[in-house]
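Note sheet for the following structure.
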Amino acid sequence: MILLKARNVSFRYQRDWVLKDVNFTLNRGELFGLIGPNGSGKTTFLKVISGVLTPQQGEVLFEDRTISSWNRNRLAQKMAMVSQETPFDFPFSVLEVVLMGRYPHLRALEFEGEHDLAIAKETMGLLEVLHLENRLMSELSGGERQRALVARALSQKPVCLLMDEPTAFLDLRHQLDLFILTRDLVRSGGLGALVISHDINLAAQFCDQLILIDRGEIVVQGPAERVILPEHLEPVYGCRLVVDRSPVSGTPRVTPLPSPVDS
Amino acid sequence: MRATPHRILATSFLLLVILIVVCLLSFTVGPAELDLRAVLAEMLGKSRLVEMGRTILFRIRMPRVLLGGLVGAILAVGGVVFQALLRNPLAEPFILGVSGGAGFGAIIGILFGWALFPGVSAVAFVGGLFTIGLIMAMARGRFRIHTNTLLLSGVIVNAFFSAAIMFLISVTKDHRIHNVFHWLMGDFGLSTFKEILFLGPFLLVGFVLILAAARSLNLMAIGEETALYLGVQVEYVKKSLLILTSVMVSAAVCVSGIIGFVGLIIPHVLRLVLGSDHRLLLPASLLFGASFLIFCDMLARAVTSQGELPVGVITAICGGPFFIYLLRRHRG
């Protein structure tokens, strides 16, 4: 079942196009990884397909309806986003922030009930932040805060999960755990998920498909074996690299090489 | 501790008791001291004061206390809303230039020799509304209202009006200058029930609408994008709340003058104690802001035996050091 579809989407902030003629389809039960160098348009892509930015050309459909025609509250019941880190200027506790994931499901003036509290605690347990529930967001480490924000997104009980570098602040084990959790949710819960990641090896290991984006254009999309090839990655990242297979998972593994000194 | 209906009611009840106590105390303090027990009896409908005392209580002091409460409530609630919308803990309700516009209007009214209410208040209110319109027009981008532009526009407009106010003060040479300064620092000396009837509806309607948006304010305080992803119609909510709150604050400024610090420190103090959930913070600010300004106005009456001290002087003198204490304690 098609969840999210971008058709010939182009977007620019000012004069230059940041996204050029992008086509993309995400189905339920699929986990996609979005990779590409800094400034290639990954975050902009996420903002366009989530309806925060409106493309000048083409259209974005969520469940077969133009995303801009969705009521934002209805959309928030189905789509959740983990953005890159936002500063917390005001004292909110972890539990308060995770419970905000339940807001889209509440009626006007309704308070979070036992049901909502149970969901919040469950997702906090999954992300291992339950012991931090009464701490202030501003007091947490980057990784703990990031996990709390993922817990909030999961509390929305979305069918579509978008994450912008969710593993950026996480340690090794939590990076792995987050990918495993996301994959399990996609497999068992029928979620569709799109994850931006700079960790190509992890993305290759867990994602059904990878999308390589460079200067606003999709270079190649497909299973990791077809995307993670030196001929695709070297020109995009501007460095030489070796691709072999992970001895454990058997999925492609990238090792960048230092640039040769030109004489 | 998160905001549950039970906690909101309990906190509000406690703050309401404080407000009532401050009101009663405040009824007794002034150039003519009234006995607290006599005041209490009068409140319960039993006449215990002499005719003169009753006139002072019901005609002079009560309107002054009630108006102070209304203004304090509006400024504190306004501060909460602006701080959340602009995601700036240093924002105060005058930050969009409302005080400058209203002050300029008021001074023109004073220089024309009009009565404080409704004459001076009316021009002050128009001045405040004009400023809001100006700011909203200036900050309007092609798609959305930029909070940074909004803040800068407010600073510029306030600077412009301050200069205009200084100009008017410079060319005024007579006794009216005293009235001008009193107005600028905020003063409840000549309050009547007419001002209360004017201001009350603004607080009532404004607060109900703001409280209905409390959950959206929680999200906006974290970030506009977060709010959007969690279902808030960000641009609509932001614009409505900015205009609504500014109009409410303009109405307060035009009957009280420019009383600083209330809108800055009350939200801060309460956030330190109660957290940031606006469903709790808004009613608490309303009640505590009212108590605080009534208390400061009581001090203004108690400090000087002759003449009047503008209440804005007291709020700044009390508020400043207390604020620094809280900030330091919070950090350590």
Side-chain angles (χ1 to χ4, degrees), chain A residues 13 43 46-47 50-54 70-114 116-117 120 133-134 136-138 149 152-153 155-156 158 162 164, chain B residues 1-9 80 83-91 141-144 147 208-209 211-237 267-281 330-331:
Chain A
Y13 291 99
T43 299
L46 226 54
K47 287 185 181 176
S50 58
V52 167
L53 297 173
T54 310
W70 276 83
N71 168 289
R72 284 310 303 196
N73 198 62
R74 290 294 303 282
L75 191 61
Q77 293 170 358
K78 297 187 164 226
M79 178 195 272
M81 164 75 105
V82 178
S83 306
Q84 281 186 45
E85 211 203 6
T86 38
F88 278 81
D89 301 319
F90 297 103
F92 281 108
S93 74
V94 173
L95 178 61
E96 282 175 326
V97 166
V98 175
L99 273 173
M100 286 178 189
R102 300 305 301 160
Y103 283 7
H105 299 275
L106 300 175
R107 289 190 301 273
L109 307 182
E110 189 186 357
F111 279 80
E112 304 90 328
E114 289 303 318
D116 303 299
L117 201 58
E133 62 173 324
N134 292 320
L136 295 180
M137 286 296 278
S138 51
L149 292 178
R152 181 180 70 196
S155 292
Q156 285 173 261
L162 308 173
D164 193 348
Chain B
M1 269 238 301
R2 63 196 185 87
T4 55
H6 176 260
R7 183 165 175 235
I8 293 168
L9 286 178
V80 168
Q83 287 170 11
L85 288 183
L86 302 174
R87 269 172 311 292
N88 188 336
L90 290 178
R142 252 191 309 161
F143 304 107
R144 54 195 211 94
T147 43
V208 167
L209 293 174
L211 194 61
R215 244 169 30 202
S216 299
L217 277 174
N218 287 349
L219 297 174
M220 298 282 285
I222 290 179
E224 288 185 12
E225 227 177 85
T226 300
L228 197 62
Y229 284 125
L230 286 164
V232 179
Q233 310 280 358
V234 169
E235 287 310 305
Y236 171 73
V237 168
H268 260 277
V269 170
L270 291 175
R271 237 186 248 112
L272 286 179
V273 180
L274 301 174
S276 303
D277 195 321
H278 289 79
R279 292 171 290 187
L280 175 61
L281 200 52
H330 188 59
R331 225 177 261 161

Which of the residues A:E133, A:Q77, A:M81 is involved in the greatest number of heavy-atom pairs with chain B at under 4.5 angstrom?
-> A:M81
Inter-residue atom distance A:L136.CG - B:S276.OG, 0.5 Å rounding | 8.0 Å
Any donor-acceptor N/O pair, B:R215 side chain to A:E110 backbone, under 3.5 Å | yes
Per-residue contact mode, B:A3 against chain A (heavy atom under 4.5 angstrom) | backbone
Can you say whether A:L162 sits under 4.5 Å from chain B via the side chain, the backbone, both, or neither, judging by heavy atoms?
-> neither
Distance, nearest 0.5 Å, that separates OH of A:Y103 from CG of B:L219 | 6.0 Å
Examine whether an atom of A:L117 lies under 4.5 Å from a heavy atom of chain B, and if so say whether it belongs to the side chain, the backbone or both; otherwise answer neither.
-> side chain
Atom group of A:M137 that falls short of 4.5 Å from chain B, counting heavy atoms = neither
Proximity breakdown for A:R74 and chain B, heavy-atom pairs closer than 4.5 Å | neither
Interface moiety of A:L75 toward chain B, non-hydrogen atoms closer than 4.5 Å = neither
Mind running side-chain contact (heavy atoms from CB on, under 4.5 Å) on A:N134 and B:R2 for me, showing each step along the way?
-> CA-CA 9 Å; A:N134 292 320; B:R2 63 196 185 87; over 6 Å; no
Contacting region of A:F88 [heavy-atom separation from chain B under 4.5 Å] = side chain
Is it the side chain or the backbone of A:S93 that comes within 4.5 Å of chain B heavy atoms, both, or neither?
-> neither
B:I222 and A:V97: CA distance, side-chain angles, deciding distance, side-chain contact (heavy atoms from CB on, under 4.5 Å) verdict = CA-CA 9 Å; B:I222 290 179; A:V97 166; 4.2 Å; yes
What part of B:L274 is in contact with chain A, defined as an atom under 4.5 angstrom from a non-hydrogen atom: side chain, backbone, both or neither?
-> neither
Distance-only check: which donor-acceptor pairs under 3.5 Å involve side-chain atoms of residues 224-233 of chain B, not counting sequence neighbours?
from   : atom 1 : to     : atom 2 : distance (Å)
B:E224 : OE1    : B:R144 : NH1    : 3.0
B:E224 : OE1    : B:K238 : NZ     : 3.3
B:E224 : OE2    : B:R87  : NH2    : 3.4
B:E224 : OE2    : B:K238 : NZ     : 3.0
B:E225 : OE2    : A:K47  : NZ     : 3.2
B:Y229 : OH     : A:S50  : OG     : 2.8

Pick one of side chain, backbone, both or neither for B:A213, based on which atoms fall under 4.5 Å of a heavy atom in chain A.
-> neither
To the nearest 0.5 Å, what is the distance between CG (B:D277) and CD (A:E96)?
-> 5.5 Å
Between NE2 on residue B:H278 and CZ on residue A:F90, distance to nearest 0.5 Å = 6.5 Å
What's the spacing between B:N218 CG and A:L99 CG if we round to 0.5 Å?
-> 11.0 Å
